[in-house]
Amino acid sequence: MPLENTEIAAMFVEMADLLQIKGGDRHRVGAFRRSARIIEGLPRPAAQMLERGELPKIRGVGKGTIHRIKQMLRRHSCDDLDELRRSVPLGLRELLKIKGIGPTMVRNIHNRLGVTTLDQLEHAAKAGAIETIPRMGLSHAQKILAGIEAYRKRRGKTALIDAERVGRRIVAALRELPAVEGIALAGSVRRRKATIGDLDVLVATRDPAPVLARFQTLPEVESVLIGGRGTEGRCSVRLRNQQQADLRLLPPASFGAGLHYFTGSKQHNIELRKRANAMGLKVSDKGVFHREGEALIDGCADEEAVFRHLGLPWIAPELREGRGEFEAAARGRLPRLVRDEDLLGDLHMHTTDSDGRGSLRDMAAKAAALGHRYIAITDHSKALRIANGLDEARLAEQLGRIRAFEARGEFPQLRVLAGVEVDILEDGRLDLDPELLAQLDWVIASVHQRTNLSREAMTRRVVRAIESGVVDCIGHPTGRRPGKRDPFALDLEAVMAAAREHDVALECNGGPMRMDLGDVDCRRCGERGVSVSIATDAHSPAHLGRHEYGLAMARRGWLEPAQIVNAQPWETLAQRRTRRLREHGLGGGGVAVAVPRSEGAAGFAAGYEGGELAPAGFVLESLEVAQEHAWGEGDELEVELVSPVPVEAPAEVEPRRVEPELELELELELEPATEEEAEPSPVDALLEALAQRPLAEETKTRLSVWLMQGGGDSDPTLEAALQALGGNSLQRAFEIIYDGTEV
DNA sequence: GCCGTTTTCGGCCCGACTGTTTTCAGTCG
């Protein structure tokens with residue numbers, strides 16, 4: 001497998017950093033950075049473009065860059081990078097990973113204080129040596145110490161995309177060997193965690209020697225940690241990206257048992273073995289055994305066999321965190337996890353109008369090729385100058401362009417929605433005129449700047465945006481960058497409550513460096529009835545369709561298609577928006593939804609009174625008004641009066657509410673029990689369990705499972721107990737579970 | 001290092017923010 005463009009780009013960035021630390025010519029540094037940006041943005045693999053002679057034609061790519069790329073493709077490095085790495089100590093390179101420290105500061109710190117390692121820097125900062133450097137003061141020292149602490153917490157963790165990329169390459173190389181009968185990545189990569197520690201590679205083979213030999217000499221390998229003779233069946237290496245990779249060699253007959261064991265998580269395995277124990281069985285990476293006498297029952301060539309022996313259905317790796325998956329599996333209540341093919345559209349992407357690399361048409365063409373049913377164009381707003389954000393005039397112009405594009409009907413199966421990713425300003429106001437926002441089809445509101453507010457201020461800020469009525473979704477809600485930046489201070493609980501009240505979705509941003517919301521937050525959304533948008537945040541056509549990282553978080557968060565906005569048809573989302581706008585007294589106010597149905601202009605929205613532009617599914621005064629203002633292929637465009645706007649959202653998105661009358665009845669039924677009743681009813685026993693702190697694991701699981709079913713009669717005893725506590729039983733369940741858990 | 005032209009070498013992206021300083025330097029996106 002050839003190097004990917006992002007990997008080549010990363011090497012150019014590293015060269016720029018190292019050269020800058022050495023005090024090299026800043027324009028040369030800048031040229032390396034520019035090369036990195038260009039390579040990262042190439043439409044096709046650099047290797048391919050090089051072969052076709054397309055690379056030298058690109059502005060900014062000169063002879064030197066071509067020469068280096070050729071070397072990198074051949075040997076994953078180049079002469080200059082080798083030389084720079086030799087001349088700059090490893091410890092100094094590590095300092096760059098601390099937030100607030102750039103190459104120039106590394107240089108100054110090194111030159112003035114002789115610091116070459118993280119520990120030395122920490123010592124210097126504590127000893128007050130930082131302040132002796134010109135233009136650096138106490139704040140810098142404090143910032144550095146905080147940065148070191150944050151870095152230490154996340155050290156050794158690699159982003160999923162990076163770990164997976166190198167892992168896949170190793171798998172591809174080993175798979176070629178005749179001795180390899182089966183191969184898989186296990187561990188946290190397989191569970192699709194956002195950050196990965198070590199890489200686990202499993203190989204099924206009857207002939208370990210050639211596999212071991214090949215593994216140790218892969219180009220990705222920097223040094224062998226454990227291996228060679230005496231270490232049968234395994235080998236650990238340090239990779240060039242500083243990750244550790246462990247190779248395990250397994251007999252094919254027990255590959256499934258090993259795959260399960262090494263996929264983990266640890267907690268999941270502990271619970272699995274507990275369960276096996278209770279059944280008189282023993283489970284290990286070698287298979288399933290009788291507990292007495294340890295006789296082998298089954299080596300388990302595949303993973304399903306492991307679960308089958310325990311009377312369980314196969315559990316998806318993403319759920320294997322010991323967070324209630326066994327209880328759910330045993331009761332036949334595992335979630336039907338959202339899959340790529342469930343996603344009908346993508347509601348977050350950028351074009352060349354702001355900081356994207358593809359035009360409106362480029363994005364639409366790619367989306368159509370991927371079979372998307374709809375996409376929303378959501379460029380940045382003016383506050384994000386660096387991204388060339390749109391002001392009102394440019395957005396209005398783009399809106400007209402999108403409507404005209406739709407009217408042409410070039411991609412009849414695809415609906416292109418006019419949207420925006422509007423900045424949430426410091427005080428919670430939106431960066432664009434709400435009147436204009438109300439005319440769009442899909443509005444994402446995001447925080448990009450001033451991210452260091454207090455928790456209270458940040459929460460007020462985001463909640464205010466939600467309350468505006470024109471916002472459909474909060475983009476990358478926590479601002480986290482796994483392994484790089486902590487989420488900003490935010491009361492997500494309050495945000496979710498507001499989101500639910502105003503029917504606003506929270507985004508699960510699938511940008512591989514964001515994955516925001518994370519898995520735990522996705523699950524909280526699911527439990528609270530807050531819908532989630534799995535979006536790519538694509539900045540080029542190549543990024544479209546890359547739902548894998550958003551899906552990873554959503555699946556780890558137990559989310560099902562019904563909880564995902566972009567797994568719903570666009571008409572459903574349009575209705576939700578229309579209803580919300582009307583409730584907030586913004587636009588709308590008509591009586592019917594008009595949906596154009598013509599062949600040539602499928603999915604195009606008609607205009608409404610006054611000749612202004614209206615979003616798809618917009619509420620229109622009448623059929624006549626719609627037809628009068630319809631544009632497109634002249635009279636070929638039909639506008640159809642569909643139905644009055646439904647007031648209720650689809651049942652699967654909106655959890656049921658408890659009827660007040662029912663509550664009252666149950667309360668009466670559950671009047672205080674008399675002392676002589678020896679045996680408490682199941683409901684009373686459960687009430688007692690619900691009042692316990694900390695909450696028993698079993699009770700917690702029962703609550704989670706019930707919540708995952710959307711409440712209701714899946715567990716009548718629990719429902720009765722919750723209703724006895726008064727109020728909305730779903731709400732009670734959330735409160736109890738989060739009161740009884742440290743989140 | 002790359003570009004463009006002045007064809008042999010000069011000029012190279014930028015704004016917000018922060019911290020340290022009274023005019024700038026470094027980081028981040």
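Labels below follow one simple rule: chain letters A, B, ... track the order of the sequence lines, proteins then strands, and each chain is numbered from 1. Only this structure's heavy atoms are used, side chains among them; waters, hydrogens and symmetry mates stay out.
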**Q** Applying ring-ring contact (aromatic ring centres under 6.0 Å, His included), which residue pairs with at least one partner in residues 128-162 of chain A are found, sequence neighbours left out?
**A**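 Every pair satisfying ring-ring contact (aromatic ring centres under 6.0 Å, His included) with a residue in residues 128-162 of chain A: there are none.
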**Q** Roughly how far apart, to the nearest Å, are B:dA25 and B:dT20 at atom C1'?
**A**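 About 9 Å, rounded to a whole number of Å.
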**Q** Assess whether a salt bridge exists between A:R450 and A:D427, defined as any Lys/Arg side-chain N lying under 4.0 Å from an Asp/Glu carboxylate O.
**A**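 No, A:R450 and A:D427 are not salt-bridged.
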**Q** Using atom P in both nucleotides, what's the gap between B:dT18 and B:dC13 to the nearest angstrom?
**A**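 It comes out at 25 Å once rounded to the nearest Å.
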**Q** Taking B:dG11 as the reference, what is the distance to B:dT6 when you measure between their P atoms (whole Å, please)?
**A**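 Between the two P atoms, the distance is 14 Å.
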**Q** In the structure shown, which nucleotide is the Watson-Crick or G-U wobble counterpart of B:dT8, with both distances under 3.5 Å?
**A**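 Its partner is none (no Watson-Crick or G-U wobble pair with both distances under 3.5 Å).
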**Q** Who pairs with A:R93 by salt bridge (Lys or Arg N to Asp or Glu O under 4.0 Å), at least two apart in sequence or on another chain?
**A**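 Salt bridge (Lys or Arg N to Asp or Glu O under 4.0 Å) check on A:R93 returns A:E14.
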**Q** Would you give a per-nucleotide map of nucleotides 16-29 of chain B, 5' to 3', where B means the base has a protein non-hydrogen atom under 4.0 Å away, S means only the sugar-phosphate does, and - means neither?
**A** SSSBB---BSSSSB
**Q** With rounding to whole Å, what would you report as the distance between B:dT8 and B:dC3 at their C1' atoms?
**A**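 Per the computed distance, 13 Å lies between those C1' atoms.
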**Q** With rounding to whole Å, what would you report as the distance between B:dG10 and B:dC17 at their P atoms?
**A**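 Rounded to whole Å, the distance is 38 Å.
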**Q** Could you tell me which residues satisfy ring-ring contact (aromatic ring centres under 6.0 Å, His included) with A:H350, sequence neighbours excluded, listed by chain and number?
**A**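 Per chain and number, A:H350 pairs via ring-ring contact (aromatic ring centres under 6.0 Å, His included) with A:H348, A:H380, A:H539.
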**Q** Give me each pair satisfying side chain to side chain donor-acceptor pair (under 3.5 Å) with a member in residues 451-470 of chain A, each pair once, sequence neighbours excluded.
**A**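 Qualifying pairs, neighbours excluded: none.
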**Q** Short of 4.0 Å, heavy atom to strand atom, which residues of residues 49-69 of chain A count as contacting DNA chain B?
**A**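 DNA chain B contact set from residues 49-69 of chain A: A:I58, A:R59, A:G60, A:V61, A:G62, A:K63, A:G64, A:T65, A:R68.
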**Q** For atom P, what is the distance between B:dT22 and B:dG29, given to the nearest Å?
**A**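 The same atom, P, in both gives a distance of 28 Å.
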**Q** Could you tell me the separation between the CZ atom of A:R26 and the P atom of B:dC14, rounded to a whole number of Å?
**A**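 From A:R26 CZ to B:dC14 P: 13 Å.
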**Q** Starting from P on B:dC2, measure out to CD1 on A:I39 and report it in whole angstrom.
**A**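 Going from CD1 in A:I39 over to P in B:dC2 covers 10 Å.
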**Q** Could you work out, with salt bridge (Lys or Arg N to Asp or Glu O under 4.0 Å) as the rule, every residue matching A:K126, not counting sequence neighbours?
**A**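 Counting only residues at least two positions away or on another chain, A:K126 forms a salt bridge (Lys or Arg N to Asp or Glu O under 4.0 Å) with A:E122.
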**Q** By side-chain contact (heavy atoms from CB on, under 4.5 Å), which residues pair with A:A150, not counting sequence neighbours?
**A**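 A:A150 satisfies side-chain contact (heavy atoms from CB on, under 4.5 Å) with A:R154 only.
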**Q** Measure from CZ on A:R37 to C1' on B:dC12 and round the result to the nearest Å.
**A**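 In whole Å, B:dC12 C1' lies 12 Å from A:R37 CZ.
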**Q** Can any side-chain N or O of A:R68 pair as donor or acceptor with the backbone N or O of A:K63 at less than 3.5 Å?
**A**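 The answer is no, because no donor-acceptor pair under 3.5 Å joins these two groups.
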**Q** Would you please name every residue forming a side-chain contact (heavy atoms from CB on, under 4.5 Å) with A:E548, sequence neighbours left out?
**A**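 Per chain and number, A:E548 pairs via side-chain contact (heavy atoms from CB on, under 4.5 Å) with A:E164, A:R168, A:R192, A:R546.
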**Q** If I pick the P atom on B:dA16 and the same atom on B:dT21, what distance separates them, to the nearest angstrom?
**A**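 Roughly 24 Å separates the two P atoms.
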